[in-house]
Chemist: 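Have a look at this one.
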Amino acid sequence: MLSSSSTVARRFDTLAVVLSGACLVHCLLLPIAAAFLPLLSHAANAEWVHWAFVALAVPTSFFALRPHGKSSLRITLLRSLATLGLMLLVCGALGWPSHEAETLLTVIGGLVLAGVHIVNYVTGHQEPHK
């Protein structure tokens with residue numbers, strides 16, 4: 001049976017994967033839809049959306065990837081990868097190093113974060129055998 005802190009962490013992992021999916025939809029599908037429905041073009045180019053995803057991703061990742069008991073090599077590696085994913089999201093939101101790289105950086109960052117949270121969900125919250 002999962003402890004309550006593991007249950008909360010699993011929920012944050014699930015939320016993080018959903019947010020990553022929403023980010024990917026925003027980055028990849030919304031511009032295509034905007035080409036067919038000009039009304040959506042404003043939403044496809046709204047800079048605040050990128051910062052909203054970053055603002056949601058940071059605390060979600062923090063809570064999902066906090067150690068339960070002893071800190072392990074697994075959680076350290078996952079936190080490092082999550083930090084990389086978050087840095088890529090921030091670079092994309094800033095349009096750095098170029099505006100042309102924005103979508104690529106954001107998509108890679110979102111995929112890295114989703115992968116980290118899927119691995120954490122699957123492997124990270126198992127109750128140790130007594």
Side-chain angles (χ1 to χ4, degrees):
M1 181 156 211
L2 295 174
S3 68
S4 63
S5 64
S6 288
T7 302
V8 170
R10 286 181 75 115
R11 288 183 180 151
F12 277 106
D13 282 326
T14 302
L15 176 61
V17 172
V18 168
L19 287 172
S20 293
C23 182
L24 290 173
V25 167
H26 169 78
C27 288
L28 298 175
L29 297 181
L30 195 56
I32 293 168
F36 295 103
L37 298 167
L39 182 62
L40 292 176
S41 66
H42 181 67
N45 294 317
E47 292 300 319
W48 66 267
V49 175
H50 300 128
W51 290 109
F53 280 122
V54 170
L56 291 169
V58 170
T60 301
S61 293
F62 174 80
F63 285 113
L65 297 172
R66 69 182 189 273
H68 306 288
K70 289 184 182 178
S71 187
S72 67
L73 178 60
R74 181 192 61 77
I75 200 74
T76 301
L77 289 172
L78 290 177
R79 281 180 160 186
S80 297
L81 286 171
T83 301
L84 173 66
L86 290 168
M87 287 173 38
L88 290 170
L89 288 178
V90 169
C91 288
L94 289 171
W96 185 87
S98 69
H99 181 69
E100 291 77 23
E102 176 183 335
T103 299
L104 179 63
L105 293 173
T106 304
V107 167
I108 293 170
L111 288 172
V112 168
L113 272 178
V116 163
H117 288 290
I118 289 168
V119 168
N120 195 48
Y121 184 90
V122 171
T123 65
H125 305 293
Q126 293 138 0
E127 181 103 2
H129 297 289
K130 294 182 181 178

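Numbering starts at 1 and runs along the sequence shown.
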Chemist: Within a reach of under 6.0 Å around CH2 of Trp51, are more than 12 heavy atoms found that belong to other residues, nucleotides or ligands?
Modeler: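 For Trp51, atom CH2 is crowded (more than 12 foreign heavy atoms under 6.0 Å).
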
Chemist: Contact between Val90 and Leu86 at the side-chain level, heavy atoms closer than 4.5 Å - yes or no?
Modeler: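 Val90 vs Leu86: side chains apart.
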
Chemist: Quick one: closest heavy-atom pair of Gly109 and Leu88, and the distance?
Modeler: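 Closest approach of Gly109 to Leu88, heavy atoms only: CA-CB, 3.8 Å.
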
Chemist: Quick one: pull up OG1 in Thr14 and OH in Tyr121 and give me the separation to the nearest 0.5 Å.
Modeler: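 Between Thr14 OG1 and Tyr121 OH, I get 4.5 Å after rounding to 0.5 Å.
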
Chemist: Using every non-hydrogen atom in the two residues, find where Leu65 and Arg79 come nearest and quote the distance to one decimal.
Modeler: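 The answer is O-NE, 3.0 Å.
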
Chemist: Shortest non-hydrogen contact from Glu102 to Gly92?
Modeler: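 The pair with the smallest heavy-atom distance is CG-O, 3.0 Å.
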
Chemist: So, for Ala57 and Leu89, which heavy atoms are closest and what is the spacing to 0.1 Å?
Modeler: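 Nearest pair, atom of Ala57 first, then Leu89: CB-CD1, 4.3 Å.
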
Chemist: Is Val119 reachable from Ile75 through a run of hydrophobic residues whose side-chain heavy atoms are each under 4.5 Å from the next?
Modeler: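 Yes, same cluster.
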
Chemist: Ignoring hydrogens, what is the shortest heavy-atom contact between Thr60 and Phe12? Give both atom names and the distance.
Modeler: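 Looks like CG2-O, 3.3 Å.
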
Chemist: With sequence neighbours excluded, tell me which residues meet side chain to side chain donor-acceptor pair (under 3.5 Å) with Ser20.
Modeler: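 Testing Ser20 for side chain to side chain donor-acceptor pair (under 3.5 Å), a comparison that skips the adjacent residues, returns none.
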
Chemist: Tell me whether Ile108 is reachable from Leu84 by hopping between hydrophobic residues (I, L, V, M, F, W, Y) whose side-chain heavy atoms are closer than 4.5 Å.
Modeler: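 Linked, Leu84 and Ile108 end up in one cluster.
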
Chemist: Treat each ILVMFWY residue as a node, draw an edge where side-chain heavy atoms are under 4.5 Å apart, and state whether Phe62 and Met87 are in one component.
Modeler: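 Shared cluster, no.
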
Chemist: Is there side-chain contact between Asp13 and Phe63, with at least one heavy-atom pair below 4.5 Å?
Modeler: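 No, side chains not in contact.
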
Chemist: For a quick test of reading the model, state the closest non-hydrogen atom pair linking Pro97 to Leu105 and the distance between them.
Modeler: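 Scanning both residues completely, I find the closest heavy atoms to be CD-CD1, 3.8 Å.
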
Chemist: As an exercise, state the distance from CG of Leu94 to NE2 of His99, rounded to the nearest 0.5 Å.
Modeler: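 Result: 13.0 Å between the selected atoms.
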
Chemist: Hydrogens and angles aside, do Asn120 and Arg74 bring a side-chain donor and acceptor to less than 3.5 Å of each other?
Modeler: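 The criterion, which ignores hydrogens and geometry beyond distance, is satisfied for Arg74 and Asn120.
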
Chemist: Going only through I, L, V, M, F, W and Y residues with side-chain contacts under 4.5 Å, is there a path from Leu56 to Leu15?
Modeler: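 Yes; tracing contacts between hydrophobic side chains, which count when under 4.5 Å, links both residues.
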
